[in-house]
Amino acid sequence: MFSPGGSPRTNCQLLYKHIQELTSNDLRKRKTAAERSMIRLGITFNVYGEQEGTERIIPFDILPRIIQGEQWTWMSKGLKQRIIALNMFIDDIYNDQKILKDGIIPEHVVKSADSFRPQCVGLKPPNGIWCHITGTDLVRDADGEFYVLEDNLRCPSGVSYVLQNRQLMKQTFPGLFEAQFVRPVDDYCSQLLDALNSLAPDTVENPVVAVLSPGIYNSAYFEHSFLAQQMGVDLVEGRDLVVRDQRVYARTTKGLKTVDVIYRRIDDDFIDPHVFRKDSMLGVPGIMDAFRAGNVALANAPGTGIADDKVIYAYVPDMIKYYLGEDAILPNVPTYVCWDEAQRDHVIKNIADMVVKPANESGGYGMLIGPRATKEEHQKFVSLIKANPRNYIAQPTLSLSRAPVIIDDHLEGRHVDLRPFIIYGRDIYVLPGGLTRVALRKGSLVVNSSQGGGSKDTWVV
Amino acid sequence: MLSRVADSIYWTSRYIERAEAVARFIAVNLNISMDLSTAGNQQWKPLVTTTGDDEAFTEIYGAATKRNVIEFLTFDRSNPNSILSCLINARENARSIRERISAEMWEHINRFYLMVKDVGDAEGILDDLPDFYEAVRNSGQQFVGVTDATMTHGEGWHFCQLGRFLERADKMSRILDVKYYILLPSPQHVGSAFDDLQWGALLRSASAYEMYRQRFGRIVPQNVVDFIMLDKEFPRAVLHCLTRANESLHAITGSDIEGFTNLPEQRLGQLRAEFAFTSATDIISRGLHEFIDDFQQRMNLVGESIGTTFFSLQTA
């Protein structure tokens, strides 16, 4: 919000003035009203491993984060470029594997990834698109530059909060929206529905679309339900579906009904016990068979996780070059892959200055933040890396940008990141805005909601 | 409509109606005990008996004091039929079908649940009991209004109606049954002012007092039975509830209201017809309590067959 000199950035002046006029009591009252409204509306997420009171709201900060239009245009160009290359990569990996044959990415790195699905080899989703919905995490460094922190290509969460946060903001600061030129985000669900409809086989005139959720106890259940509701389609669980003769049907009060397109929010491992984990009760036995036969479309297709393994991430700029012949518009955070001996040595030597991440965890679990950790923790990670080098990457600690946040009755700076959402159907749509996540604990770099992070509305002006 | 969704809509509506009914039960007794200060007014055990949870209650609480019974029926999570448990269940069901019900319905249930939970978490509720139970009854009725005004009157809505009217029929019969268990001080009191007060309190708790007066005037036990069980037009009367439930059942399947195409239609249709062609005199001569007992068992069979016909995921 503020430029390095401490004065508000050009596009933030109106907001700044508006906030200046509010008393600290006012600010607190509006914040409380917004959060109460979230509880009343049940905008919650579930916390794993706790009994009662497992539903919580994501703490919501009512000061929006503002991104300038020109910067956004550049970012969305970069995101489109990235998602095209990533899809080409996934399609290539499960088919010809040219990129491996040409030695751009070492074969063993791909084959050893937890998220590589041999069951998907030879699959040909319509138009070669595997990943229809992406949430890409971006961070801004002290130099003002945006970097891609990671790509979430499986079941990225958070878009429902973007849409709900905007609603809450309209209630909280009604006057401000009329004066600002904030790009609307309300279009998302229509874009999503269009994209999903476009995946149905050409023979189907009015496709039946459904959102597949693991159920009410999943941490992102609110989002599954919200998206189904906003699109006006069925929210189904595995037990609602059955496969007969390579077709997927829903069990209804009047018998079986064909389902053509499924936006699945169940992980690969659990989606079909015939093909993946045998013990899964969440999935639909035989659904992969129907998918392979082209009778049902799955968004995202199983197997997309191969491209968000954190080691593979390190090669995305190479992919963009290889498939598109272009330089990456959005840079990666510099990344060391520990399977490489020279890079590993460097990481171990400089462990106190590194952020070390396991290749396959999400939610900010299992990380080491070198500068904040004790000597013992450094040693522990050194041995973890040595025991399983393929599983670790390391990045230098960035000086993450901060945004002002209301703490009690005044403003303090907190670290933030940004997750824009991209839909790849017939065209590519980038939601103007995204989820700004806030590390609410002072000094913390961890923004994940499962670890007490909050969120903000993001305005592209 | 997905079977699971139909199931959840039906139960959401049943649980809300049940929470409201439990509040009514307690109100019967509160009413009576406020009207009468002499012996015979402190009978709380019958409330537990009529909900059928005698055993569980005695195990946890022992003595049937006012406080114990109220705690058990209102906030006890271990009692699946307490008001709080009903709301937890209604909310869980509603949460699993948020995309199918209106936003207003969900919001109302969520608030209703939070209201009861907050009161339960706070101390000293015994001072404001009548207000609290009134708030529960109001919230239950508001849910009906919100549903009627915001949900498309299609299949889902009919499942909602079906659940509500079956639950209401069952609970209205139980409210009448409370009178059977609340003993008069002595047989001489039958037909006394004391007896009258009890019947009046019962009508009030059923939200039927004024409508009863308009229909029959004086309070006569046989007429109360007639009104609560057999009135065609009073929306809380058992016969009315059975008729409405039967209509919704046929709207769901699209079958002719005069016939039946499945087990629930057959069972509910028979039950409704018997009610339509009986009289309060018949009921009383068979024995009111015995009649209600038999009615409730048959209602259970109707409920079971609805489950296997529409919700069971194995069929289909």
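Please read these numbers as outputs of a predicted model, since none were measured by experiment. Both backbone and side-chain heavy atoms feed into the values below; hydrogens, waters and symmetry mates do not.
- For a residue to count as touching a neighbouring chain, one of its non-hydrogen atoms must lie under 4.5 Å from one of that chain's; by this rule B:Arg98 touches chain A with backbone and side chain alike.
- Among residues two or more places apart in sequence or in another chain, the side-chain hydrogen bond (donor to acceptor under 3.5 Å, both in side chains) test is passed with B:Glu247 by none.
- The number of heavy atoms from other shown groups lying within 6.0 Å of CG (A:Asp245) does not exceed 12.
- Residue B:Phe275 places its CZ atom among more than 12 non-hydrogen atoms of other residues, nucleotides or ligands, all under 6.0 Å distant.
- With a threshold of 4.5 angstrom between heavy atoms, A:Phe222 approaches chain B through side-chain atoms but not through N, CA, C or O.
- To the nearest 0.5 Å, atoms CD (A:Glu237) and CZ (B:Arg4) are separated by 4.0 Å.
- In terms of heavy-atom proximity, B:Glu99 sits nearest to A:Ser225 at CB-O, 3.6 Å.
- Taking CD of A:Gln229 as the start and CZ of B:Arg100 as the end, the distance is 10.0 Å to the nearest 0.5 Å.
- When heavy atoms are compared at a cutoff of 4.5 Å, A:Gln230 does not approach chain B at all.
- With a 4.5 Å cut-off on side-chain heavy atoms, A:Val236 and B:Leu2 count as touching.
- Here the side chains of A:Thr253 and B:Glu155 are in contact, with some heavy-atom distance below 4.5 Å.
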Is there a side-chain contact (heavy atoms from CB on, under 4.5 Å) between B:Met1 and A:Thr252 once you walk through the steps?
CA-CA 5 Å; B:Met1 163 163 286; A:Thr252 78; 5.6 Å; no
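- Heavy atoms closer than 4.5 Å to chain B are found in the side chain of A:Tyr221, but not in its backbone.
- For the set A:Ile39, A:Leu235, A:Val233, the entry with the most heavy-atom pairs within less than 4.5 Å of chain B is A:Leu235.
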